[in-house]
Amino acid sequence: MTVVSPKILLLGKDSQLGWELRRSLSAIGPLIACDRQSANLENEDELRAQVRHHQPSFIVNTAAYTAVDKAETEQAKAYQINETAVRILAEEASRIGAWLVHYSTDYVFDGEKPSPYTEDDEPRPLNVYGLSKAAGERAIRDVGCKHLIIRSGWLYSAHGSNFPRAILRRAIERDQLEVVSDSFGAPTSAHLVADVTAAMLGRLNDLAQPEELSGTYHLTSSGETSWYDYAQFLLSLAQNRGLPIKANAKRVFPVTGASYAAVAVRPKNSRLDTSLLQRRFHVHLPDWKIHARRFIDEVARSRLL
């Protein structure tokens with residue numbers, strides 16, 4: 001009996017997560033990786049045409065509107081990309097019997113819960129970005145296609161724009177930094193999310209009735225920290241690796257989130273309970289410090305800053 005490898009359509013190949021998924025998903029089956037030009041989420045006809053042309057078994061969507069502050073004044077664009085385009089992907093997935101793998105965010109919650117959020121907690125976004133991402137989740141569920149909605153938070157990689165890269169650049173330019181100390185989460189490497197995604201797809205492909213695993217899952221590293229402690233940890237590693245920073249860990253000072261004049265309000269608690277994912281897909285999620293060390297090593301070796 002010949003086993004046919006599933007065809008995968010990846011959207012957003014140049015995002016920090018898309019970059020890592022190109023590596024991890026290539027082991028699952030034939031991979032068609034699209035950038036913004038070949039699959040524009042603001043062009044509904046083009047998006048439908050891509051899916052109908054390739055007829056994938058899995059549609060993996062990392063493309064999103066992620067400019068949190070700009071979303072407050074670009075609401076139409078945020079909803080077009082984060083809700084309308086996602087609904088189209090869900091409809092096309094349903095039409096051809098494909099799975100839709102879609103990434104969401106801790107920003108669908110208000111951050112007021114004192115413990116980590118579970119998949120059963122009711123979304124209560126604080127900003128337009130979070131509202132548009134929650135709307136995209138609802139669109140998938142309303143359509144009813146087979147799906148994995150994967151919520152993550154504090155995502156980073158050695159490529160793209162993210163907190164650890166920004167902290168290192170500022171530490172190279174300045175002799176002291178101020179970092180928010182009253183927001184908590186689990187820094188999560190795109191490398192980890194990509195590897196776990198590949199493991200999830202592999203498990204779906206092996207099961208006789210994979211539809212039973214359709215649903216929403218939280219995926220972050222284990223453990224938790226604040227932005228302030230995270231920055232101190234990164235800069236301590238950077239100093240030990242000989243990176244040319246002016247602001248070392250002792251030159252980082254805590255401030256409250258309220259002291260920052262950000263346009264969009266952020267949740268203080270970004271912790272996500274990952275027990276459902278670990279139980280159903282039998283995956284291990286390492287402590288956040290492990291991938292943070294790997295990140296600093298990669299930056300030091302490659303001089304990616």
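In what follows, residues are counted from 1 in the order of the sequence shown.
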From CA spacing to verdict: salt bridge (charged side-chain N to carboxylate O under 4.0 Å, His left out), R23, E20: CA-CA 5 Å; R23 168 190 56 80; E20 294 289 352; 3.1 Å; yes

Charged N-O contact under 4.0 Å between [X] and [Y]:
X: R48; Y: E91; result: yes
X: D14; Y: R22; result: yes
X: E137; Y: R141; result: yes

Pairs touching residues 246-256 that satisfy side chain to side chain donor-acceptor pair (under 3.5 Å), sequence neighbours left out: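 As it turns out, the side chain to side chain donor-acceptor pair (under 3.5 Å) pairs with a partner in residues 246-256, which skip direct neighbours, are Q176-R251.
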
[X] side-chain N/O to [Y] backbone N/O, donor-acceptor pair under 3.5 Å:
X: E178; Y: F253; value: no
X: S214; Y: H147; value: yes
X: D121; Y: T118; value: yes

Partner residues of [X] under the side-chain contact (heavy atoms from CB on, under 4.5 Å) criterion, sequence neighbours left out:
X: N162; result: Q16, Y156, S157, P164, R165
X: L126; result: D110, V265, P267
X: N240; result: S236
X: A262; result: D69, R266

Residues that [X] engages under ring-ring contact (aromatic ring centres under 6.0 Å, His included), provided they are two or more places apart:
X: Y79; result: none
X: F184; result: none
X: F163; result: W227, Y230

Closest contact, heavy atoms only, G223 versus D287: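 Smallest heavy-atom distance, with atoms named: CA-OD1, 4.0 Å.
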
For T188 against L192, the heavy-atom pair lying closest together: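 So the two residues come closest at CG2-CD2, 4.3 Å.
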
Tell me which donor-acceptor pairs under 3.5 Å the side chains of residues 288-297 have, and how far apart each pair is, sequence neighbours excluded?
{"residue": "R294", "atom": "NH1", "partner": "H191", "partner atom": "ND1", "Å": "3.1"}
{"residue": "D297", "atom": "OD1", "partner": "R241", "partner atom": "NE", "Å": "2.9"}

Qualifying residues under side-chain hydrogen bond (donor to acceptor under 3.5 Å, both in side chains), relative to Y129, sequence neighbours excluded: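 Checked Y129 against side-chain hydrogen bond (donor to acceptor under 3.5 Å, both in side chains); zero matches.
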
Which residues share a side-chain hydrogen bond (donor to acceptor under 3.5 Å, both in side chains) with T62, sequence neighbours left out: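 In terms of side-chain hydrogen bond (donor to acceptor under 3.5 Å, both in side chains), with neighbours along the sequence ignored, T62 is linked to S15.
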
Without placing hydrogens or testing angles, list every side-chain donor-acceptor pair under 3.5 Å for residues 93-102, not counting sequence neighbours.
{"residue": "R95", "atom": "NE", "partner": "E92", "partner atom": "OE1", "Å": "3.1"}
{"residue": "R95", "atom": "NH2", "partner": "E92", "partner atom": "OE1", "Å": "3.4"}
{"residue": "H102", "atom": "ND1", "partner": "N61", "partner atom": "ND2", "Å": "3.2"}

Interatomic distance, R87 atom CZ to N82 atom CG [nearest 0.5 angstrom]: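 One gets 13.5 Å once the value is rounded to the nearest 0.5 Å.
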
Hydrophobic cluster identity match, L17 and L25, side-chain contacts under 4.5 Å: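 The answer is yes; both residues are in one hydrophobic cluster.
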
